[in-house]
Amino acid sequence: MKLFLDTANLNEIREIKKWGVLSGLTSNPTLIAKEHEDIETHMKALCAEVDGPVSLETTALESGPMYEQGRKLAEIAPNVVVKVAMTPNGLAAGTRLVADGIPVNVTLTFSPAQALLAAEIGATYVSPFLGRLDDVGDDGMYALREICDIYEVQGYDTLVLAASLRHPMHVIEAAKAGADVATMPYDVFSKLVKHPLTDNGLDKFLSDWKKLQQELKEGA
Ligand code: E4P
């Protein structure tokens with residue numbers, strides 16, 4: 001399972017990139033808005049910073065303008081993936097973008113039925129939003145498992161991108177379910193690496209090492 005960062009913040013990208021585990025980026029209008037930068041310049045900077053696919057989202061609601069907006073987004077950089085919402089117009093615009101050879105990510109997907117439609121238009125990614133399903137008392141992980149099973153049985157090429165992940169267990173369960181990609185905010189990414197026994201173990205190794213250096217110095 002590939003790990004993507006869900007952010008539009010360049011410092012967060014630079015930090016996780018250093019670890020060597022970052023395979024791509026997802027963004028959405030909310031995340032872009034938080035940065036208060038010139039939109040196109042900032043989108044270019046995001047694409048230049050990430051060695052991998054970068055999802056940029058359309059905001060038009062009608063299929064024609066959404067398609068045109070998607071074409072423009074795709075011109076920003078060769079690694080752009082155009083996000084379209086899971087609506088009839090989003091599917092129509094996505095179908096045209098796919099026909100033009102532009103990779104599409106169908107976002108705001110909440111059910112296996114919707115995920116079937118994303119696969120049928122030949123989207124590169126489908127993004128089921130787990131956390132938001134949990135927020136309304138539904139079971140996001142159950143929906144993800146269903147989608148992964150259906151894609152497996154049907155042999156669809158569309159990649160399942162588990163989104164709206166809120167904590168490390170979401171990431172672990174998404175991997176077990178067979179998701180192709182997990183996208184998560186910086187905060188969740190940072191929690192993946194943390195374990196108190198790692199910190200305690202490191203403290204002990206370093207203090208023993210320091211003691212040894214001191215003994216050697218005193219013996220010399
Ligand atoms: C994914 O592409 C979305 O940007 C994201 O995962 C949404 O997550 P949220 O529900 O935490 O806003």
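Both counts, for ligands and for their atoms, begin at 1 and track the order of listing.
Rounding to the nearest 0.5 Å places NZ of Lys17 at 9.5 Å from CG of Leu10. Between Thr107 atom OG1 and Tyr125 atom OH the span is 13.5 Å, to the nearest 0.5 Å. Atom CD of Glu57 sits about 9.0 Å away from atom CE of Met43, to the nearest 0.5 Å. To the nearest 0.5 Å, atoms CE (Met141) and CG (Leu165) are separated by 7.0 Å. In this structure, the separation between CG on Leu144 and CZ on Phe129 is 13.0 Å, given to the nearest 0.5 Å.
With respect to the salt-bridge test (charged N to carboxylate O, under 4.0 angstrom), the residues Arg71 and Asp100 qualify.
At a 4.0 Å heavy-atom cut-off, the residues surrounding ligand 1 are Asp6, Thr26, Asn28, Lys83, Phe129, Arg132, Ala163, Ser164, Arg166, listed by chain and number.
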